[in-house]
2 protein chains.
Amino acid sequence: MATIKDVARMAGVSTATVSRVLTGNGPFTPDTRRKVMEAIEKLNYQPNGLGRYLRKQETRTVIVVLPDITNPFFSQIIRGMEDEALAHGFTVILGNTDNHADRQRNYVKLLEERRADGIILTAVRNPQPEIEAIQKIGPVVLACEYSSGMFQSVAIDNEQAAFEATSHLIRLGHKRIAHFAGPSEVVLSGDRLHGYQRALREHGIAEQWVGEGDFSLESGRRLMQKLLQANPRPTALFAASDKMAIGAILEAKLHGLKVPDDLAVVGFDDIEMAEVVDPPLTTIVQPKYQIGVEAMRKLITMLEGRPDPALQTILPHTLVIRRSCGGRPE
Amino acid sequence: MATIKDVARMAGVSTATVSRVLTGNGPFTPDTRRKVMEAIEKLNYQPNGLGRYLRKQETRTVIVVLPDITNPFFSQIIRGMEDEALAHGFTVILGNTDNHADRQRNYVKLLEERRADGIILTAVRNPQPEIEAIQKIGPVVLACEYSSGMFQSVAIDNEQAAFEATSHLIRLGHKRIAHFAGPSEVVLSGDRLHGYQRALREHGIAEQWVGEGDFSLESGRRLMQKLLQANPRPTALFAASDKMAIGAILEAKLHGLKVPDDLAVVGFDDIEMAEVVDPPLTTIVQPKYQIGVEAMRKLITMLEGRPDPALQTILPHTLVIRRSCGGRPE
DNA sequence: TTGTATGCGTTATCAG
DNA sequence: CTGATAACGCATACAA
């Protein structure tokens, strides 16, 4: 592997000059530039990033931590992050944790080791002190999630969105409405639960049925099995994720229930699968791509030392009505 | 940010000694160890990876390039790679290219800059010379893909799998069978196409109907629209990806066709969505997790300089029969 | 405009 | 067992 010394030797100049040509900084004549470029070409030279970044004390790389790469919900978010990063000359590396704290630590270590300049935690389920610890290591942005602490974050108003989803079911005439919640350690699970409860309360509905899942399809199936035994059985369901909603629909159909006639269902996220399931799923749409863009913009702003704007950025959501909730189909 | 010098000063030893304690190599008394550890603790010291890796000329990091993070097919593969990497003390970073050559170059650059030790290219669509160029930069393993060149690779026998999928439709009595192929620049698209054609040939069927998509749901819909106008219309379809198969089913149903009665469908990959769509999709199952494990094992073997075993590793596949193809449901 | 020399943070070699 | 020192590859302050 050729180094800058080899290039310098072949071009008959000093390493400083090669470096100047390489970075574009510092002065040099067109002629030396030519000589250097020729040597680079001949040697097929590629600067060693470790050396360069050690010297510059920055890598122009950010790490994005995802709890579960299986979840298609994140695809668009990542795309937004990558587009924004690329536009600013940053490289994105993805870290998948499988909801495993140990693995997250692995990626935080990359930040500690200064192999990345900043980190974005997506829909993370860490307690606040842990996030604060990460914040001491380097710049952090939370995506799809906010926390009561002083963290930069980008998300929708989960409580309000859940309120609207539940209210929609109430407007369609339902009185017994169940909720499949996300894991309680995730802040946004609580937010969605509270939105559901507020909708019931404001419409004078006392009865509630809440089960806790982990956002997965399988947990939706499992909760549905339990729900089937409720007596009287709820006529509607608001699930905190599309996957749980879809799991519920599959399981309900398996047991001979008609969706939406016997059970109206609303999900959350609008993943691709939501349009594939039969019937297509009514759900909350998040501006996924935009969340990614905003989160990355925030992080880069911090990295460039500019004063950062709003601490918590709230983006707008919508309810897309498909056939799984009955009433007037689109 | 504390450095090794700060630790050395506080502990009253040399940096060499700190390093010895840190790496566990070299001799030191329990007492110096204690002093060093205390200083590390107090200063909240974390070794700088750039310095360390520059010195050691290795990062124990591998980069995995994916063409499309949206594709759930890769989820399990990545999980296998990560588990295997972790077990050997390696860190995996993911690079998403969105099928964009420019972006892939971005990640290859990480290898060039020596910020990763090796690279795995997943279901890549590069022409062979390009892969050879990458191979000159550092160790490469191809996953879900093989190429005629001398590349380490892990995949199933795509041609044979496609042959079996198509043969299954023929056994069910179909004579007019369409194929939705993947992009022609992807080697495995050709393999699957050839398997389809071999099945027709071996069963004495002359007529074929082939459309080229890009593995996406949308392209499946688009090809189905064209297929609907064929006269006489094929009674069965073998798609080179589950997403295309599902797109075709949705579109067929939209136009009043019954699946599998009017159109029998077989897909490829067995993504989660395959069980969600109505009717559930008959498809080729790849040992996704195992492909990931094998690919990573290969790369690590190369990195550790051990002689590598088989160049091309072929893993077994199966055909899982669900309801989308008619005949005898499972 | 160019070269010399230094330091980024670490580890390994070599003396002691 | 420990310390001084060189080296990894590069960028930059300073001198020429």
Side-chain angles (χ1 to χ4, degrees), chain A residues 1-37 39-40 43-61 89 109-117 137-138, chain B residues 1-37 39-40 43-61 89 109-117 137-138:
Chain A
M1 212 72 197
T3 74
I4 200 171
K5 278 187 196 164
D6 302 320
V7 177
R9 196 175 314 125
M10 174 170 285
V13 299
S14 72
T15 60
T17 300
V18 176
S19 175
R20 277 191 277 261
V21 171
L22 225 53
T23 59
N25 301 336
F28 46 80
T29 65
D31 189 52
T32 48
R33 187 194 132 83
R34 190 185 44 71
K35 283 191 296 185
V36 169
M37 293 309 272
I40 288 177
L43 291 169
N44 198 9
Y45 165 74
Q46 177 71 25
N48 178 310
L50 264 31
R52 167 177 292 179
Y53 299 130
L54 174 60
R55 172 64 220 242
K56 300 189 63 158
Q57 300 283 61
E58 65 157 23
T59 63
R60 288 193 89 73
T61 298
K109 214 175 73 181
L110 291 183
L111 185 66
E112 272 186 317
E113 290 180 335
R114 298 291 137 195
R115 293 169 66 188
D117 297 338
I137 300 171
Chain B
M1 209 73 194
T3 73
I4 199 170
K5 279 187 194 164
D6 302 320
V7 176
R9 197 176 312 126
M10 174 170 285
V13 299
S14 72
T15 60
T17 299
V18 176
S19 175
R20 277 192 278 260
V21 170
L22 225 54
T23 59
N25 299 336
F28 47 81
T29 65
D31 189 53
T32 47
R33 189 195 131 83
R34 190 186 44 72
K35 283 191 296 185
V36 169
M37 292 310 271
I40 288 177
L43 290 169
N44 198 11
Y45 165 73
Q46 177 70 27
N48 179 310
L50 263 33
R52 168 177 290 177
Y53 299 129
L54 173 60
R55 175 62 223 236
K56 301 188 64 156
Q57 300 283 62
E58 65 158 20
T59 63
R60 289 193 88 74
T61 299
K109 214 176 73 182
L110 292 182
L111 184 66
E112 272 186 319
E113 290 181 335
R114 297 291 136 195
R115 292 168 66 186
D117 297 340
I137 299 171

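Predicted model only: the values in this text are computed from it and were never measured. Computed over heavy atoms, backbone and side chain alike; hydrogens, waters and symmetry mates excluded. By convention in this document, chain letters (A, B, ...) are assigned in the order of the sequence lines, proteins followed by strands, and residues within each chain are numbered from 1.
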For atom [atom1] of [X] and atom [atom2] of [N], their distance in whole Å:
| X | N | atom1 | atom2 | result |
| --- | --- | --- | --- | --- |
| Arg114(B) | dG9(D) | CZ | P | 11 Å |
| Ile4(A) | dT12(D) | CD1 | P | 11 Å |
| Asn25(B) | dC1(D) | CG | C1' | 15 Å |
| Ile40(A) | dG9(D) | CD1 | C1' | 14 Å |
| Lys56(A) | dC10(D) | NZ | P | 13 Å |
| Arg9(B) | dT2(D) | CZ | P | 20 Å |

With side chains defined as the heavy atoms from C-beta onward, is the minimum distance between [X] and [Y] less than 4.5 Å?
| X | Y | answer |
| --- | --- | --- |
| Ser19(A) | Ile4(A) | yes |
| Leu50(B) | Glu58(A) | no |
| Val13(A) | Phe28(A) | no |
| Lys109(B) | Gln46(A) | yes |

Under 4.0 Å, counting only non-hydrogen atoms across every strand here, what does [X] touch: a base, just sugar-phosphate, or nothing?
| X | result |
| --- | --- |
| Leu50(A) | nothing |
| Thr3(B) | sugar-phosphate |
| Val18(A) | nothing |

Report the residues that fulfil side chain to side chain contact (heavy atoms under 4.5 Å, CB included) with Arg55(A), sequence neighbours left out, ordered by chain and then residue number.
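Scan of Arg55(A) (side chain to side chain contact (heavy atoms under 4.5 Å, CB included), adjacent residues dropped) gives none.
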What residues, two or more places apart in sequence or in another chain, satisfy side chain to side chain contact (heavy atoms under 4.5 Å, CB included) together with Met37(B)?
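For Met37(B) the side chain to side chain contact (heavy atoms under 4.5 Å, CB included) partners, ignoring immediate neighbours, are Val21(B), Arg33(B), Ile40(B).
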Quick one: side-chain hydrogen bond (donor to acceptor under 3.5 Å, both in side chains) partners of [X], sequence neighbours excluded?
| X | result |
| --- | --- |
| Asp117(B) | Thr59(B) |
| Ser14(A) | Thr17(A) |
| Thr32(A) | Thr29(A) |
| Arg34(B) | Asp31(B), Glu38(B) |

At a heavy-atom distance below 4.0 Å, which nucleotide of DNA chain C is the first touched by chain A, and which is the last?
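The footprint of chain A covers dT1(C) to dG9(C).
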How large an angle, rounded to 10°, do the end axes of the helix from dT1(C)-dA16(D) to dG16(C)-dC1(D) enclose when each is built from five base pairs?
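That helix gives 50° between its end axes.
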By salt bridge (charged side-chain N to carboxylate O under 4.0 Å, His left out), which residues pair with Glu113(A), not counting sequence neighbours?
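For Glu113(A), the residues satisfying salt bridge (charged side-chain N to carboxylate O under 4.0 Å, His left out) (neighbours in sequence not counted) are Arg115(A).
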Residues two or more places apart in sequence or in another chain: which of them pass salt bridge (charged side-chain N to carboxylate O under 4.0 Å, His left out) with Asp6(B)?
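Expected list: Arg9(B).
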Please check the phosphate of dG9(D) (OP1 and OP2 only) for any side-chain N or O of Gln57(B) closer than 4.0 Å.
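It does, given that an N or O in the side chain of Gln57(B) lies less than 4.0 Å from OP1 or OP2 of dG9(D).
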Can you tell me if Tyr53(A) touches the phosphate of dC8(D), counting only side-chain N or O atoms and a distance under 4.0 Å to OP1 or OP2?
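No, because none of the side-chain N or O atoms of Tyr53(A) sits under 4.0 Å from OP1 or OP2 of dC8(D).
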Every protein N/O lying under 3.5 Å from an N/O of nucleotides 4-7 of chain D:
residue	atom	partner	partner atom	Å
dA7(D)	N3	Arg55(B)	NH1	3.3

Rounded to the nearest 0.5 Å, how far apart are OG1 of Thr15(A) and CG of Leu22(A)?
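Atom-to-atom, Thr15(A):OG1 and Leu22(A):CG are 11.0 Å apart.
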Mind listing the residues from residues 27-37 of chain A sitting with a heavy atom below 4.0 Å of DNA chain D? Number order is fine.
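Within residues 27-37 of chain A, no residue comes under 4.0 Å of DNA chain D.
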What are the two closest heavy atoms between Val36(B) and Ala11(B), and how far apart are they?
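Heavy atoms of Val36(B) and Ala11(B) come nearest at CA-CB, 4.0 Å.
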